[in-house]
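Shown next, in structure tokens, is the structure this report addresses.
By convention here, the first residue in the shown sequence is residue 1. Model, not experiment: these values are computed from the prediction.
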Amino acid sequence: MIRSRKAVRHYTGQITDEQLNKILLAANASPVGMGEYNNYRLTVIQDSSILSKMSGIYDAPTVIVVSAEDPDAMEDVSAGAIVHNMELAAENQGLGANYNMSSVGSIPNNVLPTGFKGVFALTLGQTDEEFVPREIPLDRIKINIVK
């Protein structure tokens, strides 16, 4: 799945509750800094009246927002790990998913839990795109090995 993952920005329908539960399980399996899971919240938004007020979500029928209390660099990194796990779980089920930070600022008031700030989001939905493994060169990111 890692070699097949891609940003999907076209959705053909809503995900099922079973698919959502698998994605949320993947989120809960994610590593977070210092194991402080209580510092994070997952908000699943499927209400079309809320989604219509958000920008940059590509008409996704589901958006999952990872929020944190007083986020700093550790929470940013942990939120990224949570979103990455969710994206892989979604695409492993043939769903479309896309990392999304730009929409976080457009979340209407009173959607996220009190005291939590949106850090990272994931757009989700059914898709007709195929996930095909691609060749990835080992030197795509330059590597230094120190022995």
Completion exercise
Heavy-atom nearest pair, Ala90 first then Ala97, reads CB-CB, 4.1 Å
Handout entry: Least distance between heavy atoms, Pro133 atom then Ser4 atom
Key = N-OG, 3.1 Å
Practice task
Check Ile136 against Arg140 and note the closest heavy-atom contact, atom names and distance.
Solution key: CG2-NH1, 4.0 Å
Handout entry: Transitive ILVMFWY side-chain link Val32 to Leu24, under 4.5 Å
Key = yes
Handout entry: Expected output: side-chain Glu69 to main-chain Gly115 donor-acceptor under 3.5 Å
Key = no
Practice task
Answer yes or no: is there a side-chain heavy-atom contact under 4.5 Å between Ile143 and Leu138?
Solution key: yes
Completion exercise
Only residue of Val65, Ile50, Asp47 satisfying side-chain contact (heavy atoms from CB on, under 4.5 Å) with Val111 is Ile50
Exercise for the section: Count the heavy atoms of every other residue, nucleotide or ligand shown that sit under 6.0 Å from CG of Asn21, and state whether that count exceeds 12. Expected result: yes
Practice task
Return the minimal non-hydrogen interatomic distance between Ser30 and Asn85, and the atom names on each side.
Solution key: OG-ND2, 3.1 Å
Exercise for the section: Would you name the heavy atoms of Val83 and Ala121 that are closest together and state the gap between them? Expected result: CG1-O, 4.0 Å
Problem - N/O donor-acceptor pair under 3.5 Å between Asn39 side chain and Ala68 backbone - result: no
Fill in the blank from the handout: The reported gap from OG1 in Thr62 to CD in Gln14 (rounded to nearest 0.5 angstrom) is 3.5 Å
Fill in the blank from the handout: Per side-chain contact (heavy atoms from CB on, under 4.5 Å), Leu95 is matched among Thr16, Val8, Thr127, Ile23 by Ile23
Problem - Side-chain donor/acceptor of Ser78 to backbone N/O of Gly33, under 3.5 Å - result: yes
Problem - Under 3.5 Å: donor-acceptor pair, side chain of Lys6, backbone of Glu130 - result: yes
Problem - Any side-chain heavy-atom pair of Thr12 and His10 under 4.5 Å - result: yes
Exercise for the section: Run the numbers on Leu112 and Ile107 for side-chain contact (heavy atoms from CB on, under 4.5 Å), then give the verdict. Expected result: CA-CA 8 Å; Leu112 300 180; Ile107 299 168; 4.2 Å; yes
Completion exercise
When rounded to the nearest 0.5 Å, the distance separating CD of Glu87 from OG1 of Thr123 is 9.0 Å
Exercise for the section: Check whether more than 12 heavy atoms from other residues, nucleotides or ligands sit under 6.0 Å from atom CG of Asp139, and answer yes or no. Expected result: yes
Handout entry: Closest non-hydrogen atom pair, Asn100 against Gly56
Key = ND2-O, 2.6 Å
Practice task
Using modelled atom types only, decide if a donor and an acceptor are shared between the side chain of Tyr99 and the backbone of Phe120 within a distance under 3.5 Å.
Solution key: no
Practice task
Would you mind checking if Lys117 and Glu75 are paired as a salt bridge, meaning a charged N to carboxylate O distance below 4.0 Å?
Solution key: no
Completion exercise
So CD of Glu129 and CD of Glu91: to nearest 0.5 Å the spacing works out to 9.0 Å
Completion exercise
Rounded to the nearest 0.5 angstrom, the CE-CE distance for Met34 and Met74 is 7.0 Å
Problem - Over 12 foreign heavy atoms within 6.0 Å of CG, Asp17 - result: no
Practice task
Let me see the working for Ile45 and Met54 under side-chain contact (heavy atoms from CB on, under 4.5 Å), right down to the final yes or no.
Solution key: CA-CA 11 Å; Ile45 305 170; Met54 295 175 64; 4.0 Å; yes
Problem - Side chain to side chain, Ile64 and Val44, heavy atoms closer than 4.5 Å - result: yes
Exercise for the section: Give a yes or no on whether Tyr37 and Val66 share a hydrophobic cluster (residues Ile, Leu, Val, Met, Phe, Trp, Tyr; joining criterion: side-chain heavy atoms under 4.5 Å apart). Expected result: yes
Problem - Residue pair Met86 / Leu124, side-chain heavy-atom distance below 4.5 Å - result: no
Problem - Gln126 side chain near Gln19 side chain, heavy-atom distance below 4.5 Å - result: yes
Problem - Identified side-chain contact (heavy atoms from CB on, under 4.5 Å) partner of Val63 from the options Leu122, Thr43, Ile57 - result: Ile57
Completion exercise
Rounded to the nearest 0.5 Å, the CZ atom of Phe116 sits from the CG atom of Leu42 at a distance of 10.5 Å
Problem - Pairwise distance CE(Met101) to CG(Asp76) - rounded to 0.5 angstrom - result: 6.5 Å
